[in-house]
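To start, the structure under review is shown below, and the notes come after it.
Note that the coordinates shown come from a computational prediction; the quantities given were computed from them, not determined experimentally. Hydrogens, waters and symmetry mates are skipped; everything else that's a heavy atom, side chains included, is used.
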Amino acid sequence: MRIYGRAHMRIDWRKLLFHIGLAVGLAIFLQQAWESYRALGQQEFHVVRPLCLLASLALCWLVNLLQMLAWIMIMRYLGVSLGLRQTMQGFLMSFLPRYIPGGVWGYLSRSQWLRQFFGIGYATSIIGSVLESLGLMLTALGAATLFLLGRLADSGRYALLAAAVVLCFALLWPAVPTLVVRLTTFFVPRLVGRFGEAGPQADGSKRGRAWLVWYLAGLIYVALWMAYGGSILFISMAVLPIPSGGLLGAVASIGMAWLLGFVVFFVPMGIGIRELTLSRLLALSLGLVSWQGSLVAVISRLSIVLAEMIWLAFGLLLAVVSRVAGSERRGLARRRE
């Protein structure tokens, strides 16, 4: 009885910390939304093409959708099947604590959400988070490599070098989850053993269609970065009379800015660092001057925040509808009894 009581208290404490983390993350998120709005108000600019701002917001919204789809593919690789509707209800909401300085709180909160509502073990969710991070990082580095080759090589050699880079990524891509699963099989049990888990619940390397799912996740990440870069181009088209540059340069810039913000984990969501890095990279990739790059970076941050607000509201609505429908079904079942 004593052991059961202690375990029960641990579960209650994890739920309590989960909800506290959501509340704190939401508060910081709203603060960042306000700060982004204020920062935009301090900029002097004229919107040349208003519809391009809407197009940029739509692409940021698409980025979140693609992130959820890729994560679903990763979890299927690990043997966990979650639907899009279930993911939309809690993926971004449970990830709000990532705005708390420290870098890992969002992933821990998402692991608790998966355990609490779907019974998915911490070991499996940790592997999924590692694969998600690596997928984003590697595809961002791939885009940056292609852009850099385009700057260094002439047009004749670029096609050959680009094909070689794509081929290398395609051949090395399957090795990523195998390595991650083997490493976490060794390390993760020591991290989550206190919760009563022996280790990862699924090894995607032994599933028949695992590689197809993992490759699909990679393609989704490529599409995600293209949408991200497209949002940057639309912002530049909205506020600059004569925008310049191409999609690959914008993708490489936002990808490397995101990567630097991700590495500097003690800054929540890389706020400030990503904007500064993005403004400098846009000067190199799109030929923008300093103030233009800063303006595009600030508007991009606001677009990202607004797109996430839309998804949070939509996910909350789905959760409420599901809860009401579940209550009605339970009430109907009791009346039939």
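Leu306 CG to Ile299 CD1: the interatomic distance, rounded to the nearest 0.5 Å, is 11.5 Å. The distance from the CG atom of Leu92 to the CE atom of Met309 is 13.0 Å, given to the nearest 0.5 Å. Here CG of Leu65 is found 13.0 Å from SG of Cys60. Values are rounded to the nearest 0.5 Å. Here the OG-CG distance, from Ser253 to Leu284, works out to 7.5 Å after rounding to the nearest 0.5 Å. Tyr215 OH to Tyr77 OH: the interatomic distance, rounded to the nearest 0.5 Å, is 11.0 Å. From Ile232, atom CD1 reaches atom OG of Ser56 across 6.5 Å, with rounding to the nearest 0.5 Å.
Proximity of Val63 to Ser231: side-chain heavy atoms (C-beta onward) are nowhere separated by under 4.5 Å. Residues Phe117 and Gln86 form no side-chain contact, since every pair of their non-hydrogen atoms from C-beta on lies 4.5 Å or further apart. The shortest side-chain heavy-atom distance between Ile304 and Asn64 does not fall under the 4.5 Å cut-off. Side-chain contact between Trp214 and Val176: present, with at least one pair of heavy atoms (C-beta onward) separated by less than 4.5 Å. For the pair Val130 and Ile127, the minimum side-chain heavy-atom distance is 4.5 Å or more. In this structure, Trp173 and Leu138 have side chains that are in contact, with non-hydrogen atoms separated by less than 4.5 Å. With a 4.5 Å cut-off on side-chain heavy atoms, Leu281 and Ile254 do not count as touching. Taking the side chain as every heavy atom from C-beta outward, Leu114 and Leu82 approach each other to under 4.5 Å.
Considering all non-hydrogen atoms of both residues, Met256 and Ala140 come closest at SD-O, 4.4 Å. Taking every heavy atom of both residues into account, Ile74 and Ala217 meet most closely at CG1-CB, 4.2 Å. Across Gly128 and Met75, no two heavy atoms sit closer than the pair CA-SD, 4.3 Å. The minimum heavy-atom distance between Arg85 and Val321, with the atom names listed, is NH2-CG1, 4.0 Å. For the residue pair Ala227 and Leu62, the shortest heavy atom distance occurs at CB-CD2, 4.2 Å. Between Ser303 and Leu57, the shortest heavy-atom contact is O-CD1, 3.5 Å.
At a threshold of 4.5 Å between side-chain heavy atoms, the hydrophobic network of Ile, Leu, Val, Met, Phe, Trp and Tyr places Val80 and Leu84 in one connected group. Note: the hydrophobic cluster containing Leu219 does not contain Val251 (ILVMFWY, side chain heavy atoms under 4.5 Å, direct or indirect links). The same ILVMFWY cluster, assembled from side-chain heavy atoms under 4.5 Å apart, contains both Leu247 and Val296. Leu216 and Val166 end up in different hydrophobic clusters when Ile, Leu, Val, Met, Phe, Trp and Tyr side chains are linked at under 4.5 Å.
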Does Leu69 form a side chain to side chain contact (heavy atoms under 4.5 Å, CB included) with Met73? I'd like the steps, not just the answer.
CA-CA 6 Å; Leu69 290 174; Met73 293 298 104; 5.8 Å; no
Report the C-alpha distance between Trp113 and Phe118 in whole Å, list the side-chain angles of each, state the deciding distance to 0.1 Å, and finish with yes or no for ring pair (Phe, Tyr, Trp, His ring centres under 6.0 Å).
CA-CA 8 Å; Trp113 166 63; Phe118 303 103; 5.4 Å; yes
Could you walk me through whether Trp311 and Gln67 pass side chain to side chain contact (heavy atoms under 4.5 Å, CB included), step by step?
CA-CA 12 Å; Trp311 272 114; Gln67 183 181 6; over 6 Å; no
Given Arg301 and Leu278, is the side chain to side chain contact (heavy atoms under 4.5 Å, CB included) satisfied, shown in steps?
CA-CA 10 Å; Arg301 168 65 72 174; Leu278 180 59; over 6 Å; no
Evaluate side chain to side chain contact (heavy atoms under 4.5 Å, CB included) for Arg110 paired with Glu132, printing each intermediate quantity in order.
CA-CA 13 Å; Arg110 188 169 65 187; Glu132 178 189 30; 2.5 Å; yes
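Judged by distance alone, the side chains of Ser125 and Arg115 never bring a donor and an acceptor atom under 3.5 Å apart. Inspection of the Tyr107 and Ser133 side chains reveals an N or O donor paired with an N or O acceptor under 3.5 Å. Side chains of Ser94 and Ser109: no donor on one and acceptor on the other come within 3.5 Å.
For the pairing with Thr139, the side-chain contact (heavy atoms from CB on, under 4.5 Å) check across Leu134, Ile220, Val222, Leu224 returns one residue only, Val222.
With hydrogens and angles ignored, the 3.5 Å screen pairs no side-chain donor or acceptor of Tyr228 with any backbone N or O of Ala250. Between the side chain of Thr145 and the main chain of Leu141, a donor-acceptor pair closer than 3.5 Å is present. Not a single donor-acceptor pair under 3.5 Å links the side chain of Thr178 to the backbone N or O of Ala175.
Between Tyr221 and Trp225, the ring centre distance reaches or exceeds 6.0 Å.
Between Trp258 and Phe262, the ring planes lie parallel to each other; the angle is under 30°, not in the 30° to 60° tilted range.
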